[in-house]
> 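Shown below is the structure under consideration.
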Amino acid sequence: SNNQAIVAGNSTWNLSGGTLTIGTGTATNNLFSIGAGTLITNVTTAVIGVGAARNNQLALNGGRLFLNNLLASNTGNRVTFSGGTLSTARTSYSNGTDFVVGDGLQNATFQLRGGTHVFQNNLVISTNSLLTGTGHIIVNSGAGATIIRSNATISPGASPGTLTNTGTLVWEGGGNYLWEINDFNGSIGVNPGWDLIQVIGVLSNAATTGNKFNINLTTLNGLVAGNAANFNSENDYTLTIATATVSVAAFDATAFQVNV
């Protein structure tokens with residue numbers, strides 16, 4: 001208990017498929033902190049709190065952490081994601097609190113590499129933060145919300161691709177949807193084709209005419225910036241960028257800004 005490990009500076013730590021465990025048994029108040037310039041990679045599983053362990057913390061303060069599984073449970077075991085990059089293929093976060101990406105000041109990227117990402121409460125993407133990738137987000141068994149704050153961005157796919165959210169997806173004023181397309185003859189939600197956000201639940205608009213939600217259209221040549229294939233300026237295109245199984249709540253066309 002009450003131990004601290006701080007990894008900082010321009011360092012790289014390759015765990016070669018190992019497990020990072022923060023707090024086991026009855027351990028409390030242990031901290032593992034990743035600072036700016038640090039890269040920790042090839043982590044099979046990061047576990048915050050095993051058994052009866054409580055109040056243990058993984059803190060990401062500008063570094064980069066790449067892992068396959070992120071697990072946190074029990075009271076007080078948490079991820080403090082202030083800034084940097086957290087990339088995971090599976091998440092189980094069940095400590096009774098929201099999972100918050102970014103402190104609102106630093107740039108923070110939460111990258112999902114497929115898989116299922118389960119949050120007991122809500123998933124909050126703060127100002128200056130990015131939610132990107134593929135996979136299936138489940139918030140509070142469908143009763144919670146994924147919230148895109150002002151100046152935060154949601155960008156599905158490994159460009160292009162599909163991101164699925166079970167629960168409410170909230171688009172706040174000033175937020176952004178980075179929508180990418182690399183082939184106008186492609187398919188929805190795949191490569192080649194264009195991005196799709198798939199909501200199993202409600203897509204909720206919290207933007208207004210005076211504080212719009214931005215849809216930023218970006219073309220790709222393959223997977224890099226450039227002209228998309230099979231575009232004809234003489235044609236009209238109707239492309240689905242998001243779907244919701246229940247409803248689109250508070251929809252107002254004047255609350256959206258489309259940027260090309």
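If you're wondering where the values come from, they're calculated on a predicted model, not measured in any experiment.
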> If only atom types and distance count, is the side chain of T245 paired as donor or acceptor with the main-chain N or O of G201 below 3.5 Å?
yes

> Hey, what else clusters with I200 if you join Ile, Leu, Val, Met, Phe, Trp, Tyr whenever side-chain heavy atoms sit under 4.5 Å?
none

> What about L217 and L223, same hydrophobic cluster or not, with Ile/Leu/Val/Met/Phe/Trp/Tyr joined at side-chain heavy-atom distances under 4.5 Å?
no

> Show which side-chain atoms of residues 14-24 pair as donor or acceptor with protein atoms under 3.5 Å away, not counting sequence neighbours.
residue	atom	partner	partner atom	Å
N14	OD1	S16	N	2.8
N14	OD1	N42	ND2	2.9

> Which pairs count as side chain to side chain donor-acceptor pair (under 3.5 Å) when at least one residue sits in residues 124-144, sequence neighbours excluded?
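For residues 124-144, and leaving out neighbouring residues, the side chain to side chain donor-acceptor pair (under 3.5 Å) pairs sorted by first residue read H136-T166.
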
> Taking only residues two or more places apart in sequence or in another chain, which ones pass ring pair (Phe, Tyr, Trp, His ring centres under 6.0 Å) with F81?
none

> Any ring pair (Phe, Tyr, Trp, His ring centres under 6.0 Å) involving residues 44-76? Give me the pairs, sequence neighbours left out, ordered by first then second residue.
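Sorted pair list comes back empty.
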
> Aromatic contact between Y237 and F184, with the criterion being ring centroids under 6.0 Å apart: yes or no?
yes

> Restricting to side-chain contact (heavy atoms from CB on, under 4.5 Å), what partner residues turn up for N69, sequence neighbours left out?
T44, T45, R90

> Could you work out, with side-chain contact (heavy atoms from CB on, under 4.5 Å) as the rule, every residue matching T28, not counting sequence neighbours?
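Listed in chain order: S1, R54.
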
> Please name all residues satisfying salt bridge (charged side-chain N to carboxylate O under 4.0 Å, His left out) with E172, sequence neighbours left out, ordered by chain then number.
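Salt bridge (charged side-chain N to carboxylate O under 4.0 Å, His left out) check on E172 returns R149.
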
> Please name all residues satisfying side-chain contact (heavy atoms from CB on, under 4.5 Å) with N214, sequence neighbours left out, ordered by chain then number.
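Only N176, N216, Q257, N259 meet the side-chain contact (heavy atoms from CB on, under 4.5 Å) criterion with N214.
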
> Could you list the donor-acceptor pairs under 3.5 angstrom formed by side chains in residues 105-120, with sequence neighbours left out?
residue	atom	partner	partner atom	Å
Q106	NE2	D103	OD2	3.1
Q111	OE1	S87	OG	2.6
R113	NH1	L67	O	3.1
R113	NH1	S87	O	3.2
R113	NH1	S87	OG	2.8
R113	NH2	L67	O	2.9
R113	NH2	N68	OD1	3.0
H117	ND1	T91	N	3.4
H117	ND1	T91	OG1	2.8
H117	NE2	G114	O	2.8
Q120	OE1	N95	N	3.2
Q120	OE1	G96	N	2.7

> For residues 224-232, run the donor-acceptor check on the side chains, cut-off 3.5 Å, and write out each pair with its distance to 0.1 Å, sequence neighbours left out.
residue	atom	partner	partner atom	Å
N230	ND2	D183	OD1	2.8
N232	OD1	E234	N	2.8

> Are I147 and F213 linked, directly or through other ILVMFWY residues, by side chains that come within less than 4.5 angstrom of each other?
no

> We want to know whether E180 and T218 form a side-chain donor-acceptor pair, criterion being a heavy-atom distance below 3.5 angstrom.
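There is no such pair between these side chains.
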
> Do the rings of Y177 and W171 sit parallel, tilted or perpendicular, given the 30° and 60° boundaries?
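Y177 and W171: tilted rings.
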
> Could you state whether L178 and W194 fall into the same hydrophobic cluster, counting links through intermediate Ile, Leu, Val, Met, Phe, Trp or Tyr residues with side-chain heavy atoms under 4.5 angstrom apart?
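Different clusters: L178 never reaches W194 through Ile, Leu, Val, Met, Phe, Trp or Tyr contacts under 4.5 Å.
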
> Quick one: list whatever passes side-chain contact (heavy atoms from CB on, under 4.5 Å) with A53, sequence neighbours left out.
N56

